[in-house]
Amino acid sequence: MQKPSIPQGTRDFSPAEVRKRQYILGTLRTIFELYGFQPLETPSMEYLTTLTGKYGEEGDRLIFKILNNGLHEKNEAGKAKLNEEWNTLLSKPYSTPAVTERALRYDLTIPFARYVVMHQNDLAFPFRRYQMQPVWRADRPQKGRYREFWQCDADVVGSVSLINEAELLCIYQGAFQQLLLPVCIKINSRKLLAALSELCGMPEKMMDITIALDKLDKIGWVGVANELKERGIAEEGIWQIERVINVTGNNEEKLAAYTDIMQHSPSGIAGINEISKTLAYYQSLASAEWQGQIMVDISLARGLNYYTGVIVEVVCTHPKVKMGSIGGGGRYDDLTGLFGLKGLSGVGVSFGIDRIYDVIEELNLFPEQLATGSVAMLVNFGGDNELYALQLLRQLRTAGIAAELFPDSVKFDKQMKYANKRGFAYVLLPGDEEREKGLISMKNYATGEQKMVSIDDCVTQLK
RNA sequence: GAGAUUGUAGCUCAGUUGGUUAGAGCAUCAGAUUGUGGUUCUGAGGGUCGUGGGUUCGAACCCCAUCAGUCUCCCCA
């Protein structure tokens, strides 16, 4: 007999975990709907050609590929070709259509772009959608990183207004407010990062500067300066970057200082305007009760290289929590251009629900009542009592009370132990005496108190 | 792609310099108790010590290989 196990980087979600996850997903869904976003689902698999080349060289390697079916059914000519391609395949990191032409979804953004292009005639732009589905990556799993995990995205395409950015900030605020998580939303613009590399006189080094800068809160300025040096940035450039990093103050003060430093850079000024306009819209739309702060942070970079405008990232500020970002997003111009639909700009945010789950769990902020299933269990006393129990069960369910009958007429204490483990609020005892009198004994399982009541009273009390 | 570390009962783990028949707790099942759970008590079942070689009179323990898990770096969510 083989020992059962599940593939590396995948997880089972037990009932209590599913409930907690659904609590998070449900909260997000309610918010998305409140802001007028529409639900979208796309297939678990896409054509490999849809996905390759969209996530960079590293990304291509991490796409889960699906072996073609019917490989064994090929005719002789097919077999020869397959043999040849198989050998090529083994010597190279990528695949060939003879062996694989489908792959598991790597994220939700590219399938969304594909969907928008395919359905452009049916959609009303600006189109806002939210999507909550699993994605797969053939990465080496480690703490908090899985090969199968869920993403929760909300995006708007077909509008360049910064009102969208402001609305997405509000979605973050509203969602984390409801989930009781204290957060800080960092905001930056890719245009500012571009301006920064201009300031160094090395616009072509933007990626290097961005990657190094992103590590600021992890390795500190000295570490970043070293990395910049290694990546070939001149002393003069590093000095310029340090000058910008050293700017402190509230958002207005920071933006004013950046304006001063970058006054000769058109993209710098554009980035600053973008951020301040977004914040202005946000002020008008924001609710006074939201606790989370929004902070301009020029060291914020975000990994994906398709962002072109405002970028944001959410971190939990609770002192007990040592966790990276729990959400992020930004604007990407021309995402659909890859599939032939030019000039459509989009902006979106993503919630890292596995991390959000871990944080809520650590802070013990899941609502208590999530853990319950059925309210009551009926003990099975067998014989005529079984039929009596079934009638009662029907009445309870008709009244909307979640209840279940122990299906086997086994020893009493076994049924009671089962009830205890399941954590029912009440156990109902339809035995000989109750049946003859047309009553029911109900036992409160928390207090141990038990009484015999009419069936109507029982239904009323459980409601 | 690089590195560290761990594989012993369903689960969590002991197991001494290599030495009889490999242990504990939890879980399961049975009984004390055929209409009263959580706390008790008694007993039982359950292991090819990840796999394959090697060293040895003798290997869970030492050596080699291999597979798998976990973690770190890279990168990312």
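Below, read A as the first sequence line, B as the second, and so on, with proteins coming before strands; counting in each chain starts at 1.
Spacing of P atoms, B/C73 relative to B/C63, comes out at 29 Å, to the nearest Å. The same atom, C1', is picked in B/U48 and in B/G7; the two are 15 Å apart, to the nearest Å. Taking atom P on both B/C76 and B/U39, the two are 49 Å apart, rounded to the nearest angstrom.
One interatomic measurement links the two molecules: CZ of A/R137 to C1' of B/G1, which rounds to 18 Å at whole-angstrom precision. In this structure, A/M132 places its CE atom 17 Å from C1' of B/A77, rounding to the nearest Å. The CD-P distance, from A/Q131 to B/A77, rounds to 16 Å in whole Å. What separates CG of A/L104 from P of B/A77 is a distance of 18 Å, to the nearest Å. In this structure, A/D60 atom CG and B/C76 atom C1' are separated by 15 Å, rounded to whole Å. In this structure, the CD1 atom of A/I356 is 14 Å from the P atom of B/A77, given to the nearest Å.
Salt bridge A/R147/A/D139: absent, no basic N to carboxylate O contact under 4.0 Å. Look at A/E17 and A/R11 and you find no salt bridge, because none of the NZ, NE, NH1 or NH2 atoms lies under 4.0 Å from a carboxylate O.
Taking the six-membered ring for Trp, A/F32 and A/Y130 have ring centres closer than 6.0 Å.
Stacking of A/R114 on the aromatic ring of A/F339 is not recorded, the 6.0 Å distance cut-off and the 45° axial limit not both being met. Cation-pi geometry between A/R128 and A/Y35 is not met at under 6.0 angstrom from the ring centre and within 45 degrees of the axis.
Within a 6.0 Å radius of CE in A/M45, no more than 12 heavy atoms belonging to other residues, nucleotides or ligands are found. In this structure, A/F13 places its CZ atom where more than 12 heavy-atom neighbours from other residues, nucleotides or ligands lie under 6.0 Å away.
Residues of residues 179-187 of chain A having a heavy atom closer than 4.0 Å to RNA chain B: none are found.
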Below 3.5 Å is the cut-off: list the nitrogen or oxygen pairs between protein and nucleotides 25-28 of chain B, distance only.
| from | atom 1 | to | atom 2 | distance (Å) |
| --- | --- | --- | --- | --- |
| B/U28 | OP1 | A/K421 | NZ | 3.2 |

So which protein nitrogen or oxygen atoms get under 3.5 Å of nucleotides 69-74 of chain B's nitrogens or oxygens?
| from | atom 1 | to | atom 2 | distance (Å) |
| --- | --- | --- | --- | --- |
| B/G69 | OP2 | A/Q8 | NE2 | 3.4 |
| B/C71 | N4 | A/R140 | NH2 | 3.3 |
| B/U72 | OP2 | A/Q142 | OE1 | 3.3 |
| B/U72 | OP2 | A/K143 | N | 3.3 |
| B/C74 | N4 | A/Q142 | NE2 | 3.1 |
| B/C74 | N4 | A/R145 | NH1 | 3.1 |

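Each side-chain hydrogen bond (donor to acceptor under 3.5 Å, both in side chains) pair with one or both residues in residues 383-392 of chain A, not counting sequence neighbours, appears once here: A/N380-A/E386, A/N385-A/D432, A/N385-A/R435.
Paired runs in RNA chain B that reach 3 or more consecutive Watson-Crick or G-U pairs, where each pair keeps both distances under 3.5 Å, cover B:1-7 with B:67-73, B:10-13 with B:23-26, B:28-32 with B:40-44, B:50-54 with B:62-66.
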> For every nucleotide of nucleotides 34-39 of chain B, 5' to 3': is a protein heavy atom under 4.0 Å from its base (B), only from its sugar-phosphate (S), or from neither (-)?
Replying inline: -BBBS-

>> Set out, in order, the CA-CA distance, both residues' side-chain angles and the distance that settles salt bridge (Lys or Arg N to Asp or Glu O under 4.0 Å) for A/K65 and A/E101, then state yes or no.
In response: CA-CA 8 Å; A/K65 290 155 192 145; A/E101 49 189 353; over 6 Å; no

